[in-house]
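Just below is one structure, and these are the notes that go with it.
Note that ligands are numbered from 1 as they come in the structure, with each ligand's atoms numbered from 1 the same way. For this chain, numbers begin at 1 and follow the sequence in order.
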Amino acid sequence: MSLALDIDSAASASRRVSHSQGLSVSPLTFHSPTSSFGIQPVTRLASPKPLKPFDTQDIKILLLENVNKTGQDILRQQGYQVEALKTSLPEDQLIEKIQDVHVIGIRSKTKLTEKVLRQAKNLLVIGCFCIGTNQVDLEYAAKHGIAVFNSPFANSRSVAELVIGEIIVLARQLGDRSNEMHRGFWNKVSAGCWEIRGKTLGIVGYGHIGSQLSVLAEAMGMNVIYYDVVNLMALGTATQVPTLDDLLQEADFVTLHVPELPETKNMIAKPQLDKMKAGSYLINASRGSVVDIPALVDAMRVGKIAGAALDVYPNEPAANGEYFNASLNSFGDDIRSLKNIILTPHIGGSTEEAQRAIGVEVGDALVRYINQGSTIGSVNLPEVNLRSLTRDEREHARFIYIHRNVPGVLRKVNEILGDHNVDKQTTDSKGDIAYLMADVSNVKTSDIKEISDALDALSSRILTRVLY
Ligand SMILES: NC(=O)c1ccc[n+]([C@@H]2O[C@H](COP(=O)([O-])OP(=O)(O)OC[C@H]3O[C@@H](n4cnc5c(N)ncnc54)[C@H](O)[C@@H]3O)[C@@H](O)[C@H]2O)c1
Ligand SMILES: O=C(O)CC[C@@H](O)C(=O)O
């Protein structure tokens, strides 16, 4: 079959090859891979040959939740079609919009559930412009060859600094004093106000944020203890304690820095609050599911807990506005009536520095994945990379084969590639999913089509992409 004929059939079949930026999605550029070579590569990357068998304008990207301009610019500079919205979208609108895009960028509010992802027929990759990835069904995405990237620590320092601020604000009841002054009320008191020097900070989850906080807190004269499910090296003179109960019984301030997991749901509820010291403080800037907030309200009403800071909630609005009320979360009115409680709208990572750094990190990861196929940094696919092709390698193609990790696949793939000049090849697996990349030299356009079709026909196939 001539390639020209095949282009027509590929055009009509473009939806058949779900998620693929391979041959059938952009048939018109199949003959002229050099058309997009004039596009400048992202300067922070090591100047690889851009591998794009598609017109960059064909790549449709939807960015939600006010992704920072640095990230938007990186994607726009590639020539991709980028639509950026300031808010998240309700599920029905999300389902409608996601059908069309190859890339979606989100933060913590957008829930990419199986129901939503099932409609994402062209989706190649998800960029979480944040740390948390609990809002994405990572397993469903992996099983359908959709890579997920995040920014694992670019906002950690911002969260740690927020918590340090909150510890002092709670210890000195600054929120209440400030509110009183705003109402014109002078209330000079020292009862129940403390220095933080010499007090014990209990950190639950000693990862990127918890460990950064540990260093800052010690510098301010606090004793630091921490609890983590993993045995981790203590920074400074911090001490790991064996159980959560040990931490709760010893700490003056308890701060939570664990991910949202089934095991961390309501990790702090009535039994744990009962174990905390009388007059201690609780801070949660992790996820809203980690604290049973009605139980916290009760503990604060009876004075067991002297103060709290919450940055995250079980239900958070999709956009800014007057939403923080009892119809969003049943405890909304109760919590607002309490004394010495800092309520912030999920701003732990919301600093200029953090958002810029996240924009660059996730933006670059998306470009590397779209243009080069590199999965380095992916949270749900095996991490695979190949040395970049250089600009003088004109007759090369890169085949990416995402497949179910079942015995015998490599033999079949190598039977297909066996008659060609495979320059380099790598593969890795993560659970049920495997990711293979192979660079083949001296391939004609017809060879590329033949190899791609043969890979597509294998029963283990999840997704085939070809870049050249
Ligand atoms: N408020 C915000 O704006 C904001 C910003 C960034 C991150 N976060 C949240 O903070 C969380 C922590 O971030 P991080 O970067 O420090 O994550 P991290 O992965 O670096 O650290 C998490 C730590 O928690 C530990 N852990 C997991 N399950 C545990 C359990 N059941 N008990 C005790 N320890 C447990 C892990 O072993 C790890 O050391 C993120 O998952 C995210 O949800 C919130
Ligand atoms: O910016 C956000 O929406 C999320 C911030 C934070 O919770 C994260 O997971 O990085």
Thr351: side chain to side chain donor-acceptor pair (under 3.5 Å) partners, not counting sequence neighbours: Ser158

Note: Arg387-Asp439 ion pair, threshold 4.0 Å (strictly below): no

Arg157 and Glu353 ion-paired at < 4.0 Å: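 Judged by the 4.0 Å cut-off on N to carboxylate O distance, Arg157 and Glu353 do not form a salt bridge.
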
Just heavy atoms, cut-off under 4.0 Å: does [X] contact ligand 1 by side chain, backbone, both, or neither?
{"X": "Ile209", "result": "both"}
{"X": "Asn134", "result": "neither"}
{"X": "Val258", "result": "both"}

Flag yes if more than 12 heavy atoms outside [X] fall under 6.0 Å of its [atom1] atom; otherwise flag no.
{"X": "Asn320", "atom1": "CG", "result": "no"}
{"X": "Glu96", "atom1": "CD", "result": "no"}
{"X": "Glu139", "atom1": "CD", "result": "no"}
{"X": "Lys424", "atom1": "NZ", "result": "yes"}

Protein heavy atom at shortest distance from [atom]:
{"atom": "atom 5 (C) of ligand 1", "result": "Val159 CG2, 3.3 Å"}
{"atom": "atom 44 (C) of ligand 1", "result": "Ala285 O, 3.1 Å"}
{"atom": "atom 19 (O) of ligand 1", "result": "His208 ND1, 4.8 Å"}
{"atom": "atom 9 (C) of ligand 1", "result": "Ser286 O, 3.5 Å"}
{"atom": "atom 3 (O) of ligand 1", "result": "Gly349 N, 3.1 Å"}
{"atom": "atom 39 (O) of ligand 1", "result": "Asp228 OD2, 2.6 Å"}
{"atom": "atom 27 (C) of ligand 1", "result": "Pro259 CD, 3.6 Å"}
{"atom": "atom 12 (C) of ligand 1", "result": "His257 O, 3.4 Å"}

Nearest-option assignment for atom 26 (N) of ligand 1, heavy atoms, candidates Val229, Thr264, Ile203: Val229

Atom 24 (O) of ligand 1 within contact range, any protein heavy atom under 4.0 Å: yes

Sub-4.0 Å protein heavy atom next to atom 37 (O) of ligand 1: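 Protein heavy atom within 4.0 Å of atom 37 (O) of ligand 1: present.
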
Judged by atom type as modelled, is there a donor-acceptor pair below 3.5 Å linking the side chain of [X] to the main-chain atoms of [Y]?
{"X": "Asn380", "Y": "Val148", "answer": "yes"}
{"X": "Asn68", "Y": "Thr70", "answer": "yes"}
{"X": "Arg287", "Y": "Glu260", "answer": "no"}
{"X": "Arg465", "Y": "Ile370", "answer": "yes"}

Check if [X] has a non-hydrogen atom at a distance under 4.0 Å from any atom of ligand 1.
{"X": "Phe153", "result": "no"}
{"X": "Glu260", "result": "no"}
{"X": "Met267", "result": "yes"}

For ligand 1, which atoms, with element, lie under 4.0 Å from some heavy atom of [X]?
{"X": "Arg287", "value": "8 (N), 9 (C), 42 (C), 43 (O), 44 (C)"}
{"X": "Asn155", "value": "5 (C), 6 (C)"}
{"X": "His346", "value": "1 (N), 2 (C), 3 (O)"}
{"X": "Tyr227", "value": "32 (N), 33 (C)"}
{"X": "Val230", "value": "37 (O)"}

Test side-chain hydrogen bond (donor to acceptor under 3.5 Å, both in side chains) applied to Asp245 and Thr243, step by step: CA-CA 5 Å; Asp245 283 359; Thr243 66; 5.5 Å; no

Min side-chain heavy-atom separation Glu161-Gln212 under 4.5 Å: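 Glu161 does not reach Gln212 side chain to side chain.
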
Are there any protein N or O atoms under 3.5 Å from the N or O atoms of ligand 2? List them with distances, or say none.
| unit_1 | atom_1 | unit_2 | atom_2 | d |
| --- | --- | --- | --- | --- |
| ligand 2 | 1 (O) | Arg107 | NE | 2.9 |
| ligand 2 | 1 (O) | Arg107 | NH2 | 2.9 |
| ligand 2 | 3 (O) | Ser108 | N | 3.3 |
| ligand 2 | 3 (O) | Ser108 | OG | 2.7 |
| ligand 2 | 7 (O) | Arg287 | NH1 | 2.7 |
| ligand 2 | 7 (O) | Arg287 | NH2 | 3.3 |
| ligand 2 | 7 (O) | His346 | NE2 | 2.6 |
| ligand 2 | 9 (O) | Ile131 | N | 3.4 |
| ligand 2 | 9 (O) | Gly132 | N | 2.7 |
| ligand 2 | 9 (O) | Arg287 | NH2 | 2.7 |
| ligand 2 | 10 (O) | Ile131 | N | 2.5 |
| ligand 2 | 10 (O) | Asn155 | ND2 | 2.9 |

Side chain to side chain contact (heavy atoms under 4.5 Å, CB included) partner of Ile98, the single match among Asn122, Leu123, Ile126: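 Checked Asn122, Leu123, Ile126 against Ile98; only one passes side chain to side chain contact (heavy atoms under 4.5 Å, CB included): Leu123.
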
Distance (rounded to the nearest 0.5 Å) between Met220 CE and Arg197 CZ: 12.0 Å

Glu83: which of Lys97, Arg76, Lys60 passes salt bridge (charged side-chain N to carboxylate O under 4.0 Å, His left out): Lys97

